[in-house]
Peer 1: 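Dropping the structure in here first, questions after.
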Protein chains: 2
Amino acid sequence: MVTIKDVARAAGVSVATVSRVYNSSAPVRQDTRDRVRAVAEQLGYSPHGAARSLITSRTHTLGVLLPDLYGEFFSEVIRGVDGAAQRAGYHLLVSSLRGESHGLEAALRSMRGRVDGLIVMSPDLDAGAAGRSLPSGFPVVLLNGPPSDAAYASLVVANAEGAQAMVAHLAGLGHRRIALVGGAARNYDAEERRRGYRQGLGEAGLPWRPDYEVAGDFSEESGHAAALRLLSLPEPPTAIFAANDCMAIGALSACRDHGRKVPDDVAVAGFDDIPMARYVDPPLTSVHVDISALGARATERLLDALRAPANRDLRRETLPTTLVVRRSCGALTPTPMREIP
Amino acid sequence: MVTIKDVARAAGVSVATVSRVYNSSAPVRQDTRDRVRAVAEQLGYSPHGAARSLITSRTHTLGVLLPDLYGEFFSEVIRGVDGAAQRAGYHLLVSSLRGESHGLEAALRSMRGRVDGLIVMSPDLDAGAAGRSLPSGFPVVLLNGPPSDAAYASLVVANAEGAQAMVAHLAGLGHRRIALVGGAARNYDAEERRRGYRQGLGEAGLPWRPDYEVAGDFSEESGHAAALRLLSLPEPPTAIFAANDCMAIGALSACRDHGRKVPDDVAVAGFDDIPMARYVDPPLTSVHVDISALGARATERLLDALRAPANRDLRRETLPTTLVVRRSCGALTPTPMREIP
DNA sequence: TTGTAAGCGTTATCAG
DNA sequence: CTGATAACGCTTACAA
């Protein structure tokens with residue numbers, strides 16, 4: 001491997017000069033600069049990242065810790081993060097927590113000296129104080145986590161507000177029997193969406209019924225199963241609100257299997273508004289979440305923190321959601337999109 | 001930040017001993033070991049990755065270069081890679097080429113000294129010799145790339161075979177007018193799938209018709225548009241084969257818009273078999289590709305290369321695909337899944 | 001079994 | 001503008 005020394009020797013300058021050419025940290029005469037560039041190019045030199053970060057104590061790398069890497073949600077988050085990071089010249093060290101028996105702790109440790117900051121998504125309520133294992137003062141942005149960790153900058157989606165708006169919309173269409181297919185157990189997003197659902201019922205003057213709240217796990221399969229259960233009730237709901245789109249799509253197929261027409265016999269709605277939502281039959285009414293924007297925003301806040309470590313901004317920021325009305329809820333004249341909070 | 005020196009001092013040993021404890025590179029007395037561990041724990045020490053890799057010249061990190069991070073395909077690849085890498089104790093440095101004006105070259109350079117090997121996915125035909133910018137001898141696995149780079153280990157999906165099998169299946173159902181919605185321009189997967197389509201027509205004794213080959217770009221929207229165009233032909237096809245599932249789903253919605261029933265009026269089939277495929281209406285017949293396995297296999301080959309740099313295995317490996325018959329193609333009695341090559 | 005010390009490839013600090 | 005040289009935090013001969 002060709003090092004800075006080789007370049008220096010071949011160009012007839014000192015390593016310091018080569019370094020200066022690459023960092024423009026001090027003036028270098030134009031012709032020396034050109035010579036160094038040419039030699040480096042010819043030798044195929046590029047600076048060694050590890051050596052660089054050892055001395056500068058900056059890796060130009062951001063760590064991204066996700067609970068899993070499955071599905072469009074996470075892929076969109078990474079996409080948003082990648083875009084923002086790349087614009088700022090940062091690399092991405094991505095890791096899922098799946099399979100990590102020690103959870104966050106181990107993952108965090110193994111990243112020391114490899115990243116300048118972290119974006120951690122830990123919607124799992126049990127994980128609790130994600131921060132406990134973080135070196136205090138280390139730049140971190142928490143994504144979609146429970147509000148317990150006040151010590152960290154965090155970003156959440158307006159889950160409750162979105163769910164509430166959806167219930168209000170369904171109630172506005174005349175539905176009195178609105179059921180919820182809930183998300184994964186011990187998941188913060190799932191809990192917030194459930195809270196919004198209940199709140200929405202209350203505001204619409206509708207009773208909360210335990211048999212109208214069926215558990216799911218965010219998968220199509222669980223949505224399918226949950227919807228079947230709801231449709232088999234003695235008094236089945238007239239509207240099914242799933243805590244994410246995958247489950248809503250499962251619910252749609254369950255309705256077909258059960259011989260119920262959507263939206264004529266039963267309305268169906270989802271959450272997230274994944275790209276696929278507009279292409280299922282009937283097109284799915286959903287709560288739009290700009291997932292890649294979530295990732296991008298998290299990255300920007302982290303980069304801000306890296307640039308100005310002094311004035312730390314530890315606020316908890318909420319990203320608005322948008323109600324998107326399509327045919328699956330039976331609204332005959334689709335209302336224009338409107339922002340919720 | 002607490003370094004190995006701090007630990008050594010606090011434990012009353014030399015840095016060498018601390019290092020040995022962490023690497024079990026040489027025997028250390030049990031009680032010393034315990035003391036060091038305890039002190040390190042208490043001080044919150046963990047070794048500095050950059051420093052480590054500077055001396056060992058191993059980063060325990062794999063670079064993953066993808067054309068984009070959009071959609072289920074890439075997210076599944078990453079998932080497969082992450083699983084295999086994590087099992088082997090490796091980190092993942094992920095980057096998309098989107099927006100990189102200099103393409104691979106720049107991305108590769110900036111990764112020097114940060115990764116031990118690379119997984120590069122460059123289905124773009126124009127990118128051509130992806131390898132040109134790679135330091136020769138650097139461990140690389142190419143994913144879904146054109147066969148031009150014989151100098152690198154590579155992995156491809158049995159695109160042509162899968163497409164051919166799909167056409168054979170449709171022809172077997174009695175279809176004589178089978179159209180193709182092609183994938184993105186200058187994309188290797190897209191070209192291979194088209195090749196398989198044409199070959200399939202030939203083997204079934206069906207004529208190739210230019211008006212039955214419409215261009216798409218792998219998006220739902222393009223599938224929708226392409227299908228509309230096909231259905232408006234004076235002699236519309238009786239079967240539409242889309243080069244991926246997203247476009248097939250777009251085609252399904254186009255059929256609805258056009259008042260054609262699937263599969264009664266027209267059969268629709270896709271490629272990839274994304275999780276969503278079984279939940280659309282009607283469930284989508286597709287060519288199953290185990291995408292995360294593709295990522296996992298690529299990782300394993302890369303890790304093999306890292307472990308034994310001597311005997312390089314530069315073979316081009318093909319991953320089999322599977323025909324999955326569901327209702328959208330009109331096969332009344334779903335045939336069991338069967339492997340293609 | 002442990003300690004000493006020489007690097008690994010850079011950048012930063014001082015002199016020139 | 002340029003060159004020596006001391007770090008950076010760690011591993012690894014070589015000695016003890």
Side-chain angles (χ1 to χ4, degrees), chain A residues 1-37 39-40 43-61 89 91 109-116 135 138, chain B residues 1-37 39-40 43-61 89 91 109-116 135 138:
Chain A
M1 191 84 319
V2 35
T3 77
I4 199 173
K5 269 186 178 163
D6 302 315
V7 177
R9 196 176 315 120
V13 296
S14 73
V15 293
T17 299
V18 178
S19 172
R20 285 192 272 256
V21 169
Y22 271 83
N23 298 285
S24 19
S25 50
V28 177
R29 251 183 32 220
Q30 187 59 45
D31 58 334
T32 347
R33 181 191 307 277
D34 293 344
R35 187 153 34 95
V36 169
R37 281 274 182 222
V39 169
L43 260 48
Y45 167 75
S46 61
H48 192 288
R52 216 170 203 173
S53 48
L54 182 57
I55 183 82
T56 59
S57 66
R58 289 180 128 291
T59 61
H60 274 262
T61 302
H91 287 281
R109 299 223 137 199
S110 75
M111 278 191 173
R112 180 187 101 119
R114 300 182 171 283
V115 299
D116 294 339
F138 194 76
Chain B
M1 191 83 320
V2 35
T3 77
I4 199 173
K5 267 187 178 162
D6 302 315
V7 176
R9 196 176 316 117
V13 296
S14 74
V15 293
T17 300
V18 178
S19 172
R20 286 192 270 257
V21 169
Y22 271 83
N23 298 285
S24 21
S25 49
V28 176
R29 254 186 27 221
Q30 188 59 45
D31 58 335
T32 343
R33 181 191 307 277
D34 293 343
R35 187 152 35 94
V36 169
R37 281 273 181 221
V39 169
L43 261 47
Y45 167 76
S46 62
H48 192 287
R52 215 170 201 174
S53 49
L54 183 56
I55 183 85
T56 59
S57 66
R58 290 181 127 289
T59 62
H60 274 261
T61 302
H91 286 281
R109 299 223 138 200
S110 74
M111 278 189 172
R112 179 185 102 119
R114 300 181 171 283
V115 299
D116 293 339
F138 194 76

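None of the values given here were measured: they were computed from a predicted structure. Chain A is the first sequence line, chain B the second, and so forth, proteins listed ahead of strands; every chain is numbered from 1.
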Peer 1: So does B:Arg20 get a backbone contact from the side chain of B:Ser25, meaning a donor-acceptor N/O pair under 3.5 Å?
Peer 2: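 Checked: no pair found.
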Peer 1: Could you list all N or O pairs between the protein and nucleotides 7-10 of chain D that sit under 3.5 Å apart?
Peer 2:
unit_1	atom_1	unit_2	atom_2	d
D:dC8	O2	A:Ile55	N	3.4
D:dG9	N2	B:Ala51	O	3.4
D:dC10	OP1	A:Arg112	NH2	3.2
D:dC10	OP1	B:Tyr45	OH	2.8
D:dC10	OP1	B:His48	N	3.0
D:dC10	OP2	B:Ile4	N	2.3

Peer 1: Within a strict 4.5 Å, meaning less than it, do heavy atoms of the B:Met111 and B:Phe138 side chains meet?
Peer 2: no
Peer 1: What is the distance, to the nearest angstrom, from the CZ atom on A:Arg9 to the P atom on D:dT2?
Peer 2: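 The answer, rounded to whole Å, is 19 Å.
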Peer 1: Just the rounded figure in Å: distance from C1' of C:dT2 to CZ of B:Arg29.
Peer 2: 9 Å
Peer 1: Side chains of B:Val21 and B:Val18: does their closest heavy-atom pair fall under 4.5 Å?
Peer 2: no
Peer 1: Atom CZ of B:Arg20 to atom C1' of C:dA5: distance rounded to whole Å?
Peer 2: 12 Å
Peer 1: If every non-hydrogen atom of A:Asp116 is compared with every non-hydrogen atom of A:Ser57, which pair is closest and at what distance?
Peer 2: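 Nearest pair, atom of A:Asp116 first, then A:Ser57: OD1-O, 4.5 Å.
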Peer 1: Decide yes or no for B:Asp34 and B:Arg37: does some side-chain heavy atom of the first lie under 4.5 Å from some side-chain heavy atom of the second?
Peer 2: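 In short, these two side chains do not touch, never coming nearer than 4.5 Å.
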Peer 1: Rounding to 10 degrees, work out the angle separating the end axes of the helix from C:dT1-D:dA16 to C:dG16-D:dC1 (five pairs an end).
Peer 2: 40°
Peer 1: So, do A:Met1 and A:Tyr45 sit near enough that their side-chain heavy atoms are less than 4.5 Å apart?
Peer 2: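 A side-chain contact is absent here, since even the closest heavy-atom pair is not under 4.5 Å.
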Peer 1: Considering only side-chain heavy atoms of B:Ala16, which listed nucleotide, C:dT1, D:dT2, C:dA5, is closest?
Peer 2: C:dA5
Peer 1: Strictly below 4.0 Å: does B:Ser14 bring a side-chain N or O up to OP1 or OP2 of C:dT2?
Peer 2: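 For C:dT2, neither OP1 nor OP2 has a side-chain N or O of B:Ser14 closer than 4.0 Å.
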Peer 1: Remember a base hit wins even if backbone is also touched, and classify A:Val13 as base, sugar-phosphate or nothing at under 4.0 Å, heavy atoms.
Peer 2: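 Sugar-phosphate only.
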Peer 1: Could you give the CD-to-C1' distance, from A:Gln30 to D:dC1, as a whole number of Å?
Peer 2: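 One finds 13 Å between C1' of D:dC1 and CD of A:Gln30, rounded.
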Peer 1: Are any of the side-chain heavy atoms of B:Ser19 and B:Val15 separated by less than 4.5 Å?
Peer 2: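 Answer no - side chains too far apart.
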Peer 1: With a 4.0 Å cut-off, would you call A:Asp6 and A:Arg9 a salt bridge?
Peer 2: yes
Peer 1: Using a cut-off of 4.0 Å on non-hydrogen atoms, how would the nucleic acid contact of A:Thr32 be classed: base, sugar-phosphate, or nothing?
Peer 2: sugar-phosphate
Peer 1: Ignoring hydrogens, what is the shortest heavy-atom contact between A:Ser14 and A:Ala8? Give both atom names and the distance.
Peer 2: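 Closest approach of A:Ser14 to A:Ala8, heavy atoms only: C-CB, 3.7 Å.
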